[in-house]
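A short write-up of the structure that comes next.
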Amino acid sequence: MTSRKHVCHIVPPYLMQRLDPGRLTQDDGFRAARAEHLTRVLAQAPAPEAGSTAAEAGDWTVYTAGNGTDLPGEKVRAAGEPESGDESVDEAATGITGSLSLFEEVYGRDSYDGQGAEVVMTVHYDRDYANAFWDGTQLVFGDGDGKIFQRFTKAVDVIGHELSHAVTEHTAGLVYQGQPGALNESMSDVFGSCLKQRLLGQSAEEADWVIGQGLFTESVQGVGLRHMLEPGTAYDDPELGKDPQPAHMDDIYDGTDDNGGVHINSGIPNRAFALAAKAIGGSSWDGAGKIWYAALTNGTVTTDTDFAGFAAATIAAAGEQAEAVTNAWSEVGVTPASGAPATDGEAPTLVRVRRSGGFLGRTKEGVAELAPSVAGVVTVRHLLAGSGAPSKPKGADRYIYEFEVDGRTVVVHEGDLTPELHALADELLEK
């Protein structure tokens with residue numbers, strides 16, 4: 001595994017610090033009906049037939065820790081097997097099947113690593129464990145403390161959230177600190193919410209945009225862990241306090257708690273996504289979700305990308321929806337660093353492409369002055385910000401591309417060209 005592996009928990013540390021089961025007060029079952037709605041919907045989903053490929057998008061296995069901490073524990077159910085009768089096990093199976101299907105059928109990704117890796121899940125972790133996490137190798141879910149939290153498999157978006165951490169780790173690898181860490185958390189909320197809405201057949205306009213609905217017990221005054229459309233409104237409870245998420249850059253948390261606010265500040269990009277999804281219309285997973293996934297995986301987002309950099313990447317990937325995405329980021333106070341449509345005052349950048357090799361061994365070169373926000377230019381600069389080492393050849397008689405920006409060069413073999421680099425090369429070589 002890579003060094004960027006980290007444990008990603010669904011419950012933020014500022015909530016964990018407030019948990020004290022002995023001091024909870026009771027209320028009249030606040031929003032209990034809403035909390036149970038998704039559970040009822042998922043319970044009506046048909047169980048996979050024995051011998052079928054229940055998770056066509058990838059294999060999965062559910063284990064139980066038996067309220068211990070040894071991982072993965074005892075195997076209970078695998079893809080293609082019938083329901084076990086254990087609520088947590090079967091909810092995990094339903095959630096992971098939906099998650100894998102979302103990534104494969106909508107985004108063309110085969111499991112979290114893109115190569116069909118088996119997903120390992122453990123339920124009934126520890127005793128009264130009020131959290132869920134991705135530890136770099138598997139997903140883990142606690143049963144909750146029964147006072148504030150119910151079992152963590154009950155909310156299907158929590159399952160999608162944790163699997164999405166694995167996707168992020170195997171793509172952009174956003175570090176779990178500061179703004180990149182908040183983006184990491186936001187990406188998991190984005191795809192967790194897309195999963196929930198897809199299973200419920202909801203449009204972006206119809207969705208409630210709540211993360212973790214159904215996790216709280218009836219004693220808690222709140223609807224869920226986070227509210228993507230209205231950050232800061234998910235809960236306001238005597239024991240838990242008030243949801244601290246900001247909705248705008250003016251209120252961004254700049255302290256050191258929570259790894260620099262990774263769960264707190266994720267409210268800002270969360271709201272940008274929800275606004276973009278509603279503006280684009282239709283389903284979130286097929287509209288804004290495809291744009292966000294493209295930005296995460298096309299090479300323009302790297303380990304230390306901040307909000308401004310990610311905003312640029314989504315705008316560059318948005319095509320005809322660029323205006324809607326730009327407006328969404330503007331509404332939360334994020335100004336794209338680069339990658340947005342060029343403005344009249346944007347100074348051009350000299351870009352050179354040199355293509356060599358191929359069956360004929362010919363060399364062709366192109367040069368132009370382009371706006372620094374052009375997607376291909378952004379991608380080259382991200383490559384140069386890294387090691388700048390040449391990629392390895394894939395196959396014989398293929399082209400070798402040398403991109404030059406800002407007087408620096410990086411070599412990329414044909415098999416490693418992203419769509420943005422391919423478009424940039426084609427444009428310059430045709431001039």
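Since we're looking at a predicted model, the values are computed, not measured.
- With contacts defined as side-chain heavy-atom distances shorter than 4.5 Å, the pair R77/E83 qualifies.
- Smallest separation of non-hydrogen atoms from L195 and S99: CD2-OG, 3.1 Å.
- Just one of D157, V158, I148 meets the side-chain contact (heavy atoms from CB on, under 4.5 Å) condition when paired with L215; it is V158.
- Rounded to the nearest 0.5 angstrom, S186 OG and I211 CD1 are separated by 9.0 Å.
- Nearest approach of L229 to A274, heavy atoms of both residues: CD1-CB, 3.8 Å.
- Here the CG atom belonging to D145 is positioned 12.0 Å from the OH atom belonging to Y129, to the nearest 0.5 angstrom.
- Using a 4.5 Å heavy-atom cutoff, the side chains of W209 and N270 are not in contact.
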Could you list the donor-acceptor pairs under 3.5 angstrom formed between side-chain atoms of residues 309-317 and any protein atom two or more places apart in sequence or on another chain?
residue: T314; atom: OG1; partner: F310; partner atom: O; Å: 3.4
residue: T314; atom: OG1; partner: A311; partner atom: O; Å: 2.8
residue: T314; atom: OG1; partner: W329; partner atom: NE1; Å: 2.9

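- Listed by first then second residue, pairs satisfying salt bridge (charged side-chain N to carboxylate O under 4.0 Å, His left out) with a partner in residues 311-331 read R271-E331, not counting sequence neighbours.
- Between Y293 and R109 there is a side-chain heavy-atom pair separated by less than 4.5 Å.
- Here L174 contributes atom CG and T302 contributes atom OG1; the two are 8.0 Å apart, rounded to the nearest 0.5 Å.
- Across all non-hydrogen atoms, the minimal contact from P231 to P246 is CB-O, 3.4 Å.
- For the pair S164/M187, no side-chain contact is recorded, criterion being any heavy-atom separation below 4.5 Å from C-beta on.
- Side chains of Q197 and S283: a donor-acceptor N/O pair is absent below 3.5 angstrom, by distance only.
- The two residues A130 and F149 come nearest to each other via the heavy atoms CB-CD1, 3.7 Å.
- The side-chain contact (heavy atoms from CB on, under 4.5 Å) with T168 is formed by just one residue from the set V301, L296, T297, L183; it is L296.
- A donor atom on one side chain and an acceptor atom on the other are not found under 3.5 Å apart for E414 and H422.
- Not counting sequence neighbours, the partners of S88 by the side chain to side chain contact (heavy atoms under 4.5 Å, CB included) test are D86, V123, H124, D143, R151, T153.
- Between E81 and V76, the shortest heavy-atom distance links the atoms OE1-O, 4.1 Å.
- Rounded to the nearest 0.5 Å, atoms CG (L163) and OG (S111) are 6.5 Å apart.
- Residue-environment remark: CG (N327) exceeds the threshold of 12 foreign heavy atoms within 6.0 Å.
- For D254, the CG atom sits in a loose shell: 12 or fewer heavy atoms of surrounding residues, nucleotides or ligands are nearer than 6.0 Å.
- A salt bridge is absent between K147 and E239; no separation between the charged side-chain nitrogens and carboxylate oxygens falls under 4.0 Å.
- Just one of Y107, W285, Y112 meets the ring pair (Phe, Tyr, Trp, His ring centres under 6.0 Å) condition when paired with F191; it is Y107.
- Looking at H263 and Q245, their side chains never bring a donor and an acceptor atom within 3.5 Å of each other.
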